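Everything numeric in this text was worked out from a predicted model, so none of it was measured.
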Amino acid sequence: MTDVAVVAFAQSVPVRADETHNEVEMLMPVVADAIERSGIGRKEIGFTVSGSCDYLAGAPFAFVAGLDAVGAWPPIRESHVEMDGAWALYEAWVRLQHGDIDSALVYAFGKSSLGPLPDVLGLQLDPYHVAPLGIDAISVAALQARAWLDAGHDEAEMAAAAARARQAARANPCAQVSARDGEDAQTLLDEPYLVTPLRRHDCPPISDGAAAVVLAAGDRAREVCERPAWITGIDHRVEAHALGGRDLAMSVSTRLAGERAGVADAPIDVAELHAPFSHQEPILCDALALGDGVTVNPSGGALAANVVMAAGLVRIGEAATRVSEGAAARAVAHATSGPALQQNLVCVLEADGDAGTR
Amino acid sequence: MTHLTAVVGVGQTHHKSARTDVSIAGLCREAAGRALADAEMTYADIDAVVLGKAPDMFEGVVMPELYLADALGAAGKPLIRVHTAGSVGGSTALVAASLVQAGIHERVLTVAFEKQSESDAMWALSRPLPFAPPTLAGAGSYFAPHIREYIRRAGAPPHIGVLVAVKDRQNALKNPYAHLHLDDISVEKVEESPMLWDPIRYLETCPSSDGACALVLASEAVADRAPRPPAWVLGTAMRSEPTMFAGRDAVNPQAGIDCAADVFAQAGIRRPLDEIDCVEMYVPFSWYEPMWLENLGFAPDGEGWAMTERGATALDGELPVNMSGGVLSSNPIGASGMLRFAEAALQVRGQAGEHQVDGARVALGHAYGGGSQFFAMWVVAAAKP
């Protein structure tokens with residue numbers, strides 16, 4: 001396998017509703033920032049791939065205008081997934097294995113403020129049997145939280161996860177929400193329910209924003225980056241769609257992806273987990289068998305900012321930054337898609353790529 | 001270094017205006033089942049699934065690959081969803097091939113579909129305010145000015161589009177899966193059909209179809225043991241350019257020229273007209289046949305129409321184009337690109353039935369999308385490279 005590393009990451013500061021920029025205007029500074037940080041010329045980028053969702057904009061081909069942000073002239077090798085940008089990064093990693101190119105730009109964006117996001121995401125559900133019931137994304141998450149509580153957990157664990165994320169978010173300039181002064185897990189438990197058993201802080205904020213990552217292979221990565229974050233394992237898995245067709249209290253697909261990515265092969269320092277709802281963090285920690293020594297979501301995670309379609313890519317970018325800055329030797333990043341953690345991607349990043357890619 | 005990759009299974013649905021007999025999942029399984037049967041595999045043999053379709057608004061399901069995970073046997077496996085506008089069927093096949101070329105998987109199932117009867121694609125394609133001024137109605141209104149500019153530049157006579165419309169529908173009569181089977185198709189019929197977007201008449205435009213297409217991509221080791229002849233992938237290429245900027249040539253786009261040059265170079269092809277035996281290209285409006293003949297390098301600029309006029313692109317011509325009947329005869333949008341790639345594979349496998357080109361050994365599959373700005377192509381061959 002060809003060794004591939006994250007050599008640059010950039011993201012916008014997410015906001016609840018960016019009313020003065022369209023998608024291209026949100027993307028342009030982020031893409032420019034990532035390319036500049038990478039030290040690789042815009043025209044040298046070998047492959048470009050993005051992730052976005054038409055339904056957020058309420059118009060077909062929302063990704064097409066994104067090309068205006070990357071300067072696709074002369075014409076570029078380019079592709080798009082209607083998935084979180086983490087899967088776009090996976091496609092780029094696969095493409096870099098071909099060996100004919102040595103760099104790739106990955107970007108993702110989402111402007112969720114344009115529509116009623118929980119209802120829009122509800123349209124991911126089986127269109128014949130479930131979506132017509134009108135169940136929205138928060139209600140699906142609440143069903144999952146209930147299943148998880150019934151499996152022997154309690155709401156204090158959810159509050160603890162939320163409190164930790166919100167405290168961590170205070171140090172993240174790209175966090176949209178963070179802990180108030182004097183806030184802790186107990187004060188969070190005093191808040192009213194939003195959709196039982198979820199309280200407002202158990203749910204992610206609605207965010208507009210964008211993110212971009214530059215990948216480089218082998219010597220190219222060593223040349224442009226002092227401490228590349230090598231992707232030593234990456235895998236993704238989906239599971240059955242039907243909410244009644246799987247055990248919502250666990251994440252089998254995360255476990256499978258984590259095994260394939262080699263998470264357990266060596267100690268993990270930092271984990272950036274894409275858990276838009278508080279109860280999903282312990283589900284993911286269990287699935288990845290992360291021990292007490294692992295720092296989980298030092299960015300605050302998706303409870304601090306959740307740019308739908310970019311939040312998974314942001315997790316990879318955050319984990320890679322920890323590795324590149326020397327705060328972690330080995331980190332795991334995770335992305336999710338679909339109702340109740342239906343689809344999951346796991347990426348292991350290491351400072352020293354000599355361990356070899358699997 | 002990429003790993004050798006081949007098509008070992010091809011399947012498609014019968015394409016119709018409205019496949020009310022099946023759900024979206026049923027439609028996809030019809031195509032996937034046929035591709036797996038062709039490869040003599042089951043869903044259990046598949047390592048990963050790659051799904052493609054055009055805008056989710058065509059069915060009103062957000063990211064339908066999630067709902068389709070069960071039907072496509074993807075549970076417990078990697079599942080990728082591609083969307084690159086009209087070129088998506090082609091791009092999806094390329095992403096699937098890429099997984100095998102990278103050495104990551106041995107057997108990849110790729111499926112593309114559209115169930116246009118779930119909504120009205122023409123209006124889903126007409127971007128409303130505030131995204132675009134309300135001056136367009138459907139894709140035809142977008143492309144008609146490009147066609148008029150082609151006619152002006154090339155000095156093409158006005159009947160060329162009609163010839164393509166008749167030829168592709170005649171080919172479709174030989175293809176049992178095609179949506180349109182117009183037994184009485186003729187030059188007069190096409191000329192008498194209503195003008196929709198001058199110069200595009202009703203019978204010079206593609207239908208709205210429900211349909212799906214599926215392929216099984218396999219590694220060299222698997223393809224060597226395949227029950228039927230594989231179609232070896234000699235080259236794969238994608239190119240994109242922005243929708244509009246001053247100086248962009250939307251009639252003969254640079255992205256298409258570059259994409260063709262790339263895929264031919266990979267396949268070791270120097271003289272496309274001599275070395276390619278047949279072409280399935282994305283022709284949703286009749287005039288795009290001569291336009292793409294030039295863009296792809298099969299004819300010098302301004303001379304593509306002459307190839308069409310002299311019958312060079314007929315099933316028994318010098319360079320058969322759209323042997324299956326093409327997009328003009330079946331247009332499940334998200335699958336339309338993959339159907340081009342699939343027909344190229346069927347031809348070099350010698351399995352195209354009545355629309356088989358005698359002795360086809362090397363074929364080009366072509367798809368385009370957006371405002372003539374996204375291109376996906378592959379060259380497949382009977383002989384293992």
Is [X] close to chain A through its backbone or its side chain, or both, or neither, when contacts mean heavy atoms under 4.5 Å?
X	value
B:Pro78	both
B:Asp258	side chain
B:Phe375	neither
B:Val82	both
B:Ile24	both
B:Glu59	neither

Select one option (side chain, backbone, both, neither) describing which atoms of [X] are under 4.5 Å from chain B's heavy atoms.
X	result
A:Glu91	side chain
A:Ala131	neither
A:Gln343	side chain

_To check you understand the geometry: which heavy-atom pair defines the closest contact between A:Ala240 and B:Asp70, and what is its length?_
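Taking A:Ala240 first and B:Asp70 second, the nearest heavy atoms are CB-OD2, 3.5 Å.
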*Do you know the tightest heavy-atom contact between B:Leu66 and A:Gly338?*
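Residues B:Leu66 and A:Gly338, closest heavy atoms: CD1-CA, 3.5 Å.
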Heavy-atom pairs under 4.5 Å with chain B are the metric here; pick the option from [options] that has the most.
options	result
A:Val94, A:Val49, A:Val81	A:Val94
A:Leu67, A:Leu123, A:Leu96, A:Val252	A:Leu123
A:Met83, A:Arg246, A:Glu239	A:Met83

Which distance, rounded to the nearest 0.5 Å, do you find between the [atom1] of [X] and the [atom2] of [Y]?
X	Y	atom1	atom2	answer
B:Leu79	A:Gln342	CG	CD	8.0 Å
B:Met63	A:Tyr55	CE	OH	13.0 Å
B:Arg239	A:Arg77	CZ	CZ	4.5 Å
B:Leu68	A:His241	CG	NE2	9.0 Å
A:Asp100	B:Gln266	CG	CD	7.5 Å
B:Gln101	A:Arg95	CD	CZ	8.0 Å

*With chain A, which of B:Arg81, B:Gln254, B:Met238 has the greatest number of heavy-atom pairs at distances under 4.5 Å?*
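The answer is B:Arg81.
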*Name the one of A:Val70, A:Asp68, A:Val64, A:Ile76 that satisfies side-chain contact (heavy atoms from CB on, under 4.5 Å) with B:Pro242?*
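Looking at A:Val70, A:Asp68, A:Val64, A:Ile76, the match for B:Pro242 under the side-chain contact (heavy atoms from CB on, under 4.5 Å) is A:Asp68.
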*What do you reckon, are the aromatic ring centroids of A:Phe63 and B:Phe374 less than 6.0 Å apart?*
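Ring centroids of A:Phe63 and B:Phe374 are less than 6.0 Å from each other.
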*Would a distance-only check, ignoring hydrogens and angles, find a side-chain to backbone donor-acceptor pair under 3.5 Å from A:His98 to B:Ser98?*
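Here the side-chain-to-backbone pair exists.
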*CA sep, side-chain torsions, deciding dist, call: B:Thr84, A:Glu78, side chain to side chain contact (heavy atoms under 4.5 Å, CB included)*: CA-CA 9 Å; B:Thr84 63; A:Glu78 189 261 351; 5.7 Å; no
*asked:* Is the ring pair B:His83/A:Phe61 parallel, tilted or perpendicular, if the boundaries are 30 and 60 degrees?
replied: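 It falls in the tilted class, 30° to 60°.
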